Amino acid sequence: MNRSFVRSLGTSFAFAVATASVVAACGTPPAANNPVKTGGGKTVSTNVQPGGAEVKPEAADAFTQAVQEFKKHEEQRDWDDASCSAVSAKFLAAGKAQGDKFPAAHYNAGVTLLRCSKEGDATAEFDIALAEKKALAAASSDPKVKSDPEFHQVWVQKAMIRFRKGDIAGIGEAIETITTKGLDPDGSQNVEAFVSLGLLYRERWNRDPKNPLTTKKDDYGFADDLARAQFWLQNALSINDAFMPAYNQLALFYLDKARHVGKKKAEFSAAMKKDPSLKDKPKADIQTLELGLLVAEEASRRDAGYAGIWNTQGLILLEMNRTSSATKAFAKATEKDGKFFEAWMNYAAINLQFRGWVEAAKGYEKAKDLRPKDYDAKLGYAVAVRGQLDGALTYKDEVARKQGDCTDPEKGGTPACKEITAKAPGIIAEQEGKAKDYFTKANTAYDAARDLDPNRPEAHYNKALLVEKYSFKVDSKITTLMAYEQAEKLYNEFVTKFQGKPEYEKLVKDAKSRAEEAAKSADFEKKAMATPAPAPAPAPAPAGSVVGAPAPSASVKK
């Protein structure tokens with residue numbers, strides 16, 4: 001899911017801010033319906049397939065072992081490529097033992113592969129499951145089995161795979177898939193379908209507001225997508241009140257509703273200025289946020305190990321301006337799941353906002369390791385490291401200033417000056433080394449982000465700032481003239497690339513101004529280098545001598 005919060009930072013430069021997103025938890029289905037039924041993560045063993053076809057003992061044993069392995073990794077939250085491959089292979093082995101007519105085995109193999117984002121491989125297994133389920137249903141004499149030949153759990157997974165491609169059209173397509181193929185016949189089994197619909201309606205509300213369907217009253221009487229999201233999520237919890245993804249999505253629903261009410265309040269206030277007779281003021285959005293927080297807190301009491309609910313708590317607390325508590329909640333999410341990309345991004349972004357450069361860099365580094373191709377993680381890391389660079393240079397200059405003050409004879413003998421005189425050289429050398437390292441890391445990260453998406457402006461612009469302000473401070477081989485000339489070149493390249501695009505107009509204007517200033521500074525440096533240095537003043541004449549008299553002979557008198 002792409003519900004994001006973006007905060008501009010009060011740094012000395014116009015650095016870009018990384019995006020932090022909410023986890024899109026769509027449920028944890030350990031096994032498919034028949035021979036293992038799912039109800040929001042719970043499994044119940046059975047020994048028959050659709051239509052009453054018996055499961056061979058060896059297939060049932062292999063399937064049970066695979067389910068146990070799946071549960072173990074779910075509980076320990078330690079999925080990786082090796083474990084995903086191993087557990088999916090165990091499910092497929094159960095299918096082979098059954099004679100390759102075991103749709104639940106392929107479904108669960110697909111679900112396992114999704115744990116490691118192997119969506120292509122998972123889709124292949126889902127398609128096999130659909131084909132096998134259809135064949136079993138066709139051969140069955142049971143009307144109930146014939147009524148659900150499509151294997152509705154599979155269609156929910158396929159719908160969410162489509163949604164995760166990230167384009168707006170995918171939201172509507174996923175909704176259509178679930179509502180037409182993903183709901184089980186009696187409407188009470190597939191809790192995941194309900195939660196997924198709640199998520200999708202929230203997504204369409206947030207990401208596709210101009211779509212007339214978001215505010216169109218449907219056949220059930222729901223006025224908009226927010227109302228539809230609430231309906232499906234509350235129904236999911238009425239069926240399984242221990243299903244954590246449903247709690248998580250319901251808390252996020254209240255966050256969305258609070259933001260919507262807040263927007264309406266702003267619109268109402270503006271309208272009030274024009275028409276004081278207006279009376280129907282929207283209710284305070286803080287009340288809606290508190291409802292969301294109550295849901296999130298109840299969920300965390302039920303399962304403190306579910307990382308997604310801590311991340312959601314953080315977002316709600318942040319919206320309530322309780323930044324300290326929000327930071328702790330994001331940290332909790334990363335503790336519960338060290339591979340939780342969105343939580344690391346949120347933790348990093350909130351620390352960056354308050355110049356907690358070290359923790360911000362830690363969060364972004366974790367995030368970029370998890371998703372090496374994420375632009376915002378690389379950009380955020382560069383910003384955080386640049387903050388550390390600035391800190392190292394500031395500390396070095398402060399120590400050097402104190403050291404210089406101690407050359408004063410009146411201060412030099414004090415204990416404080418003796419201490420700083422002894423320690424200053426080591427501290428200065430250490431901070432210079434750190435600054436050089438931070439500069440290299442920031443420069444590399446900006447280059448990596450720029451190479452990843454050359455059409456985004458942030459890395460281009462901030463690299464130019466980095467070069468202009470810091471390159472000559474960390475490398476004695478780089479003169480101020482060289483720094484200004486390189487910065488001017490980078491700013492002009494930025495202008496050439498992004499001018500004419502309305503969304504970047506302000507940034508382009510600033511880059512032009514900075515290029516001009518860098519050019520002026522470079523010209524000043526050149527003129528200073530070309531002007532001969534003034535001759536040193538003559539030494540004072542010895543007492544009794546005649547000013548301007550020739551220097552005494554260097555010969556030795558005999």
Side-chain angles (χ1 to χ4, degrees), residues 4-20 314 318 323-324 326-328 330-331 334 341 343-370 374-401 427-450 452 456-475 478 483 486-487 490-491 494 507 510-511 514:
S4 309
F5 76 86
V6 180
R7 303 279 170 162
S8 60
L9 307 182
T11 56
S12 57
F13 303 133
F15 285 108
V17 187
T19 301
L318 186 66
T323 51
S324 178
T327 305
K328 291 176 182 177
F330 291 137
T334 64
F341 172 82
W344 280 117
M345 290 290 283
N346 288 340
Y347 177 76
I350 201 169
N351 275 285
L352 196 68
Q353 184 177 356
F354 296 101
R355 297 173 180 260
W357 309 119
V358 175
E359 288 303 304
K362 171 186 169 184
Y364 284 125
E365 186 165 31
K366 289 281 188 180
K368 71 184 182 69
D369 288 345
L370 289 170
D374 189 271
Y375 184 98
D376 291 311
K378 293 182 186 300
L379 183 69
Y381 177 74
V383 174
V385 172
R386 198 283 311 171
Q388 291 176 280
L389 162 62
D390 196 57
L393 290 175
T394 300
Y395 183 36
K396 185 204 81 167
D397 291 344
E398 181 183 349
V399 171
R401 179 184 58 77
I427 294 174
I428 291 172
E430 179 187 21
Q431 296 307 310
E432 285 177 343
K434 285 184 176 181
K436 191 169 186 177
D437 182 53
Y438 291 142
F439 179 89
T440 300
K441 288 179 177 178
N443 194 45
T444 300
Y446 282 134
D447 284 345
R450 187 180 60 182
L452 192 64
R456 282 186 61 169
E458 301 96 330
H460 293 272
Y461 185 85
N462 286 288
K463 179 182 171 70
L465 283 170
L466 184 76
V467 169
E468 179 186 9
K469 302 295 181 181
Y470 294 102
S471 60
F472 65 91
K473 294 181 180 180
V474 300
D475 190 343
I478 297 177
Q486 179 63 13
L490 291 171
Y491 285 129
F494 179 91
L507 206 54
D510 186 67
R514 288 184 177 275

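These numbers were taken from a predicted model, which means no experiment stands behind them.
The nearest pair of heavy atoms linking Ile350 to Ala326 is CD1-CB, 3.8 Å. Counting all heavy atoms, side chain and backbone alike, Val385 lies closest to Ala442 at CG1-N, 4.0 Å. When every heavy atom of Ala511 is checked against every heavy atom of Tyr491, the shortest pair comes out as O-CB, 3.7 Å. Across all non-hydrogen atoms, the minimal contact from Lys378 to Ala445 is O-CB, 3.8 Å. Minimum heavy-atom separation, Ala449 to Leu379: CB-N, 4.4 Å. Shortest non-hydrogen contact noted between Tyr364 and Ala349 is OH-CA, 3.4 Å.
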**Report entry** Chi angles and distances behind the side-chain contact (heavy atoms from CB on, under 4.5 Å) call for Trp357, Arg386
**Finding:** CA-CA 8 Å; Trp357 309 119; Arg386 198 283 311 171; 4.3 Å; yes
Query raised in the report: Can Phe330 and Asn351 be said to form a side-chain contact (heavy atoms from CB on, under 4.5 Å), step by step?
Result: CA-CA 10 Å; Phe330 291 137; Asn351 275 285; over 6 Å; no
Query raised in the report: Yes or no on side-chain contact (heavy atoms from CB on, under 4.5 Å) for Leu490 and His460, after CA distance, side-chain angles and deciding distance?
Result: CA-CA 8 Å; Leu490 291 171; His460 293 272; over 6 Å; no
Report task. Mind running side-chain contact (heavy atoms from CB on, under 4.5 Å) on Asn462 and Val383 for me, showing each step along the way? Result -> CA-CA 9 Å; Asn462 286 288; Val383 174; 5.6 Å; no
Report task. Applying side chain to side chain donor-acceptor pair (under 3.5 Å), run through Glu458 and Tyr446 and close with a yes or a no. Result -> CA-CA 9 Å; Glu458 301 96 330; Tyr446 282 134; over 6 Å; no
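The shortest side-chain heavy-atom distance between Leu389 and Leu466 falls under the 4.5 Å cut-off. With contacts defined as side-chain heavy-atom distances shorter than 4.5 Å, the pair Phe439/Asp475 does not qualify. Two residues are said to be in side-chain contact when any heavy atoms from C-beta on lie closer than 4.5 Å; Thr444 and Lys441 fail this criterion. The side-chain heavy atoms of Lys362 and Trp344, taken from C-beta on, include a pair separated by under 4.5 Å. The closest side-chain heavy-atom distance from Tyr470 to Leu393 is below 4.5 Å. Tyr438 has its side chain out of reach of Val474: every pair of non-hydrogen atoms, C-beta onward, lies at least 4.5 Å apart.
Here Arg456 pairs with Asp376 in a salt bridge; the nearest charged N to carboxylate O distance falls below 4.0 Å. By the 4.0 Å N-to-carboxylate-O rule, Lys434 lies too far from Asp437 to be salt-bridged with it.
With a 6.0 Å radius and a threshold of 12 heavy atoms from other residues, nucleotides or ligands, Lys396 has its NZ atom above the threshold.
Between the CD1 atom of Ile478 and the CZ atom of Phe472 there is a distance of 10.0 Å, given to the nearest 0.5 Å. Taken from CG in Asp390 to CZ in Arg355, the straight-line distance is 8.0 Å, to the nearest 0.5 Å. Residue Phe341 holds its CZ atom at 12.0 Å from NZ of Lys368, rounded to the nearest 0.5 Å. Atoms NZ and OG, from Lys436 and Ser471 in turn, are 12.0 Å apart once rounded to the nearest 0.5 Å. Separation of atoms CE (Met345) and CG (Asp374) is listed at 5.0 Å; rounding is to 0.5 Å. To the nearest 0.5 Å, atom CD of residue Gln431 and atom OG1 of residue Thr394 are 10.0 Å apart.
Screening Lys328, Lys366, Glu359 for a side-chain hydrogen bond (donor to acceptor under 3.5 Å, both in side chains) with Tyr347, the sole residue that qualifies is Glu359.
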